[in-house]
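Worth knowing before you read on, the calculation uses all heavy atoms, side chains too, and leaves out hydrogens, waters and symmetry mates. All figures in this text were calculated on a predicted structure; none of them were measured in a lab.
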Amino acid sequence: LEADTVDQLIEYIEWTARLFPGIKKEMVYGIIIGRDFGNQDIKKQEVIDRLQKYNLIYNLSCYTYSVDENSKIIFNKLKI
C-alpha cells in the first residue's frame, strides 16, 4: 500500500459519482486492500495520514492482509 493509492481511489470515487445519475460521492464507499506493512512504519503512517485527510469527505476503509503458517489469509482493518 502506498499513499498514492488513496489518491487514486479518490479519483475513482469522483469518476463513479459523475458516471451514474443521482449518485453523490458520499454514497460511494472506497475500500483499499493491500498486504500488511511489515516493518514499514513510515509508509503505514503516510497511508493513515492520507486516509485521515480525505475521510471527512469520502467513505474510506483500508484493510491489510497477511498469510499465516497454515496458508490462511487474515484481514485487519487499518485504524485511522
Side-chain angles (χ1 to χ4, degrees):
L1 288 172
E2 305 265 345
D4 293 342
T5 306
V6 178
D7 295 330
Q8 186 175 9
L9 180 62
I10 297 303
E11 289 180 25
Y12 289 148
I13 290 172
E14 291 286 342
W15 176 79
T16 302
R18 287 190 306 272
L19 183 65
F20 296 103
I23 297 290
K24 297 181 179 171
K25 62 184 172 195
E26 296 84 9
M27 300 167 73
V28 180
Y29 286 82
I31 300 172
I32 301 170
I33 301 173
R35 66 178 182 84
D36 67 342
F37 290 97
N39 295 327
Q40 300 175 347
D41 294 330
I42 294 172
K43 190 175 280 193
K44 180 179 179 179
Q45 191 59 47
E46 288 174 353
V47 171
I48 290 171
D49 291 344
R50 193 71 54 94
L51 286 167
Q52 287 174 339
K53 175 182 171 184
Y54 290 118
N55 203 38
L56 299 173
I57 303 169
Y58 303 94
N59 295 311
L60 303 175
S61 297
C62 183
Y63 295 86
T64 60
Y65 69 88
S66 58
V67 180
D68 70 7
E69 60 276 352
N70 297 320
S71 298
K72 181 179 176 185
I73 300 173
I74 301 167
F75 292 93
N76 295 302
K77 186 171 185 177
L78 190 63
K79 295 178 184 170
I80 52 173

Using distance only, find each side-chain donor-acceptor pair of residues 8-20 under 3.5 Å and give its atom names and separation, not counting sequence neighbours.
{"unit_1": "Gln8", "atom_1": "NE2", "unit_2": "Tyr12", "atom_2": "OH", "d": "2.9"}
{"unit_1": "Glu14", "atom_1": "OE2", "unit_2": "Tyr58", "atom_2": "OH", "d": "2.4"}
{"unit_1": "Thr16", "atom_1": "OG1", "unit_2": "Tyr12", "atom_2": "O", "d": "2.8"}

Scan the side chains in residues 36-49 for donor-acceptor partners under 3.5 Å anywhere in the protein, sequence neighbours excluded, and list what turns up.
{"unit_1": "Lys43", "atom_1": "NZ", "unit_2": "Glu2", "atom_2": "OE2", "d": "3.1"}
{"unit_1": "Gln45", "atom_1": "NE2", "unit_2": "Asp49", "atom_2": "OD1", "d": "2.8"}

- Please collect all salt bridge (charged side-chain N to carboxylate O under 4.0 Å, His left out) contacts where either partner lies in residues 66-80, sequence neighbours excluded, each pair once. none
- Query: Tell me, do Leu1 and Cys62 make a side-chain contact under 4.5 Å, heavy atoms counted?
  - Reply: yes
- Note on the structure: Using a 4.5 Å side-chain heavy-atom cut-off and chaining through intermediate ILVMFWY residues, the residues clustered with Tyr63 come out as Ile31, Ile33, Tyr65, Val67, Ile73, Phe75
- Mind checking the CG-CG spacing from Leu51 to Leu78? Nearest 0.5 Å is all I need. 6.5 Å
- Query: Can you tell me how far CE of Met27 sits from CG of Asn59, rounded to the nearest 0.5 angstrom?
  - Reply: 10.5 Å
- Message: With rounding to the nearest 0.5 angstrom, report the CG to CG distance, Asn55 to Leu60.
- Response: 5.0 Å
- So the salt bridge (charged side-chain N to carboxylate O under 4.0 Å, His left out) pairs with at least one residue in residues 50-67 (sequence neighbours excluded) are Asp7-Arg50
